[in-house]
2 protein chains.
Amino acid sequence: MGRRRPDTPTLEEVAAHAGVGRGTVSRVVNNAAGVKDSTRQAVQRAIAELGYVPNLAARSLAGRGADAVALVMTEPDWRLFAEPFFSEIVRSLGDALADTGMQLLLTLVRSDAERRRFLEYARGGRVDGVLLMSVHAGDPLPDMLAEARLPTVLLGRRSGDEHVSYVDADNTGGARNAVSHLLGTGRRTIATITGPLDMYVAQCRLRGYREALAQAGLDAERSLIAEGDFTEESGRRAMARLIERHPDIDAVLAASDTTAAGALKALRGAGRRVPQDVAVIGFDDFPLAERTEPRLTTVRQPLAEIGRAMVRLLLEEMEEAAESSIAWRHVVLRTELVLRESA
Amino acid sequence: MGRRRPDTPTLEEVAAHAGVGRGTVSRVVNNAAGVKDSTRQAVQRAIAELGYVPNLAARSLAGRGADAVALVMTEPDWRLFAEPFFSEIVRSLGDALADTGMQLLLTLVRSDAERRRFLEYARGGRVDGVLLMSVHAGDPLPDMLAEARLPTVLLGRRSGDEHVSYVDADNTGGARNAVSHLLGTGRRTIATITGPLDMYVAQCRLRGYREALAQAGLDAERSLIAEGDFTEESGRRAMARLIERHPDIDAVLAASDTTAAGALKALRGAGRRVPQDVAVIGFDDFPLAERTEPRLTTVRQPLAEIGRAMVRLLLEEMEEAAESSIAWRHVVLRTELVLRESA
DNA sequence: TTGAAAGCGCTAACAA
DNA sequence: TTGTTAGCGCTTTCAA
């Protein structure tokens with residue numbers, strides 16, 4: 001037998017108080033049409049007087065869905081949580097969800113235990129859909145969610161033939177454009193600091209780098225490529241290594257703004273002038289990146305669009321889920337090279 | 001009439017499949033005692049074969065609570081979300097909640113609309129308790145939650161006589177110790193860059209600064225105090241102002257590590273040597289703060305303890321809520337001055 | 001040790 | 001336009 005929360009009036013009590021039936025109160029609460037104005041007002045008065053709040057569990061159980069979506073961060077490397085990219089994406093998704101009336105719930109999945117817990121939570125019907133970010137190549141969570149027939153949209157892909165719905169930026173194209181630009185300004189010894197190479201996004205950016213060089217008839221020397229992990233510290237270390245191996249470096253493509261900031265530090269520490277001496281281009285373009293001096297030339301990802309696209313895809317899937325047909329959708333958004341005056 | 005999610009077997013179907021009653025399956029699912037071993041195994045087999053997952057809405061409705069707690073960020077200034085302090089607190093709370101079996105749900109409350117939405121969500125019974133961080137002085141949310149008799153714990157206080165449960169660090173003491181230390185090493189012209197003064201935490205740190213000076217018979221000159229907002233950029237600007245007004249500054253207490261990092265930049269930009277020339281002390285002490293050079297001397301907050309304490313308080317309140325008596329609890333944790341060799 | 005049955009509070013179909 | 005009613009899937013007595 002269920003135990004009631006104390007002090008919480010039910011629909012039934014409101015109905016009694018207003019002298020109407022439960023159905024009518026339900027209609028008023030849900031703003032359904034077909035209620036006489038006077039009745040509606042009487043019900044609303046009763047609701048106010050009793051301090052009625054609908055029980056969401058009962059509502060879900062009766063078939064109305066959870067009215068919430070989860071945004072899952074599966075990021076074992078915890079430092080990345082503090083990156084501006086994360087907060088900007090969260091903001092963007094929050095904005096995109098604002099007028100759907102759904103709650104956005106961020107959850108962290110750092111271990112298998114947490115993965116199981118979240119899966120139970122999601123499959124238990126507490127959310128209507130799941131947004132996933134920072135997905136690494138081998139992560140099984142998207143498939144588990146898909147198997148449970150939960151509407152799911154990834155930010156980025158796990159690989160070139162991702163099947164689960166995703167929204168991604170054109171990382172390859174962005175990197176290619178950036179390096180082409182560098183070549184166009186006469187730079188020749190161009191290095192790159194990659195992201196973690198178990199992430200497709202990092203592989204794409206590296207591929208773009210390679211393609212631009214190939215297009216110019218140049219080879220991407222192994223020793224000009226240093227792997228980082230998107231953090232500033234990794235950028236600094238990678239840059240230090242690169243300078244040592246190639247004192248003649250005159251340009252660098254970094255896998256993120258943060259990495260680029262680290263690279264700048266290492267360059268300055270080594271007495272190199274930036275950007276006259278060495279041009280540095282980062283990926284992403286945040287207002288927050290003001291901390292880098294000089295301001296970076298960057299490949300900008302359309303973050304607001306990414307958020308909107310993810311939410312759009314998710315809503316479409318949710319609608320389909322009601323009829324239990326599913327179709328994956330894939331969106332790749334253009335990036336844009338943003339040149340700073342000093343570079 | 002409620003509409004079922006497709007493909008989701010119910011308790012009843014599991015019971016039929018295993019040839020037992022619903023009650024027995026429920027007992028097995030919830031690991032309750034009093035089930036014969038052979039029966040338990042038969043049920044578990046049925047569960048596995050059918051891929052049964054309990055419907056959490058039904059479970060909540062039947063009185064078992066939501067098994068989730070919300071962590072709410074009410075931070076209008078979005079940039080702060082990217083601060084290490086946030087991510088570290090989230091990590092700490094995640095760890096503290098790990099073995100309670102509850103889901104941690106982060107939610108953002110940036111506007112009144114979002115405040116209302118969240119309140120409906122929480123009062124609707126989707127969470128068993130609420131943790132609040134970054135609460136500004138006038139924020140009504142804690143009172144609204146308290147009124148709804150939802151177990152609630154704040155990180156920090158809104159004012160000196162906060163009544164809602166909270167866990168806070170000894171900010172006044174920490175700042176006092178820091179400034180006393182500076183005085184002890186012979187510094188005399190000591191400035192401070194505060195946090196946003198509509199937050200009690202910032203007021204406390206300023207008070208500690210004042211107290212230490214007073215103790216030494218010195219006056220806290222108005223012109224030695226510059227207000228910031230915990231961001232790096234504000235630290236840089238504040239420091240620039242301070243140097244202009246007081247070229248003889250030889251020490252600074254900053255309201256956060258991030259602010260201190262900004263101050264360092266301004267100082268270096270002005271050609272001052274740090275820390276020999278000017279000693280800078282920040283609040284908070286993150287591994288992430290490696291980006292500051294030289295490493296800062298800091299007042300360390302016991303983040304892991306804060307998370308544990310918040311969860312402990314919340315669990316206590318949740319237990320009480322079941323018997324509908326309430327008592328607020330207040331915990332203030334010690335801070336620690338961490339000296340770096342170079343300072 | 002187990003099964004049966006009474007709710008938990010709501011939505012939506014159906015009658016009136 | 002409104003009231004009545006049959007579930008939604010689970011937990012938890014109460015009997016057996």
Side-chain angles (χ1 to χ4, degrees), chain A residues 1-43 46-47 50-67 120-121 123-126 128 322, chain B residues 1-43 46-47 50-67 120 123-126 322:
Chain A
M1 234 199 266
R3 192 191 42 196
R4 286 190 38 186
R5 266 191 316 152
D7 307 346
T8 316
T10 69
L11 236 202
E12 174 124 38
E13 287 162 351
V14 174
H17 193 82
V20 301
R22 320 221 299 260
T24 305
V25 179
S26 178
R27 274 165 223 141
V28 171
V29 170
N30 294 293
N31 270 317
V35 181
K36 218 199 317 177
D37 238 34
S38 57
T39 321
R40 184 181 297 273
Q41 283 175 13
V43 171
I47 288 176
L50 265 46
Y52 168 73
V53 181
N55 178 319
L56 264 28
R59 182 177 279 176
S60 290
L61 189 57
R64 278 259 282 107
D67 282 334
E120 203 171 303
Y121 186 83
R123 300 222 306 161
R126 305 302 279 252
D128 297 323
Chain B
M1 236 198 263
R3 190 191 41 195
R4 285 189 40 187
R5 266 190 315 150
D7 308 345
T8 316
T10 69
L11 235 201
E12 175 124 40
E13 287 161 349
V14 175
H17 193 81
V20 302
R22 323 221 298 259
T24 306
V25 178
S26 179
R27 275 164 221 140
V28 171
V29 170
N30 294 294
N31 270 320
V35 180
K36 217 200 314 175
D37 237 34
S38 57
T39 319
R40 183 181 298 273
Q41 283 173 13
V43 171
I47 288 175
L50 265 46
Y52 168 72
V53 181
N55 178 318
L56 266 27
R59 182 177 278 177
S60 291
L61 189 57
R64 278 259 280 108
D67 282 335
E120 204 171 303
R123 302 220 305 160
R126 304 303 278 254

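Lettering follows sequence order; numbering is per chain, from 1. Because only heavy atoms are used, hydrogens play no part in the values below, and waters and symmetry mates are left out as well, while side chains stay in.
- Within residues 22-31 of chain B, the residues that place at least one heavy atom under 4.0 Å from DNA chain C are, in residue-number order, B/R22, B/T24, B/R27.
- Overall bending of the helix from C/dT1-D/dA16 to C/dA16-D/dT1, expressed as the angle between end axes built from five pairs apiece, is 40° (10° steps).
- Inter-residue side-chain proximity for A/T39 and A/R27 is flagged as unmet; no heavy-atom pair is nearer than 4.5 Å.
- Here D/dG9 presents its P atom at 18 Å from CZ of A/R59, a figure rounded to the nearest Å.
- The closest side-chain donor-acceptor pair between B/T8 and A/R123, if any, does not fall under 3.5 angstrom.
- Remark: P of C/dC8 and CG of B/N55 are 18 Å apart, rounded to the nearest angstrom.
- Across all their heavy atoms, B/T10 and B/Y52 have their closest contact at C-CE1, 3.7 Å.
- The distance from atom CG of A/D67 to atom CZ of B/R126, rounded to the nearest 0.5 Å, is 7.5 Å.
- Rounding to the nearest 0.5 Å gives a distance of 8.0 Å between CG of B/L11 and CD1 of B/I47.
- Rounded to whole angstrom, the span from the CD atom of B/E12 across to the P atom of D/dG7 amounts to 12 Å.
- Of the candidate nucleotides C/dG9, D/dG3, D/dC10, C/dG9 has the atom nearest to the side chain of A/L61.
- The residue among B/A58 and B/V20 whose nearest nucleotide of DNA chain C lies closer to the 5′ end is B/V20.
- Near DNA chain C, meaning a heavy atom under 4.0 Å away, there are no residues from residues 32-43 of chain A.
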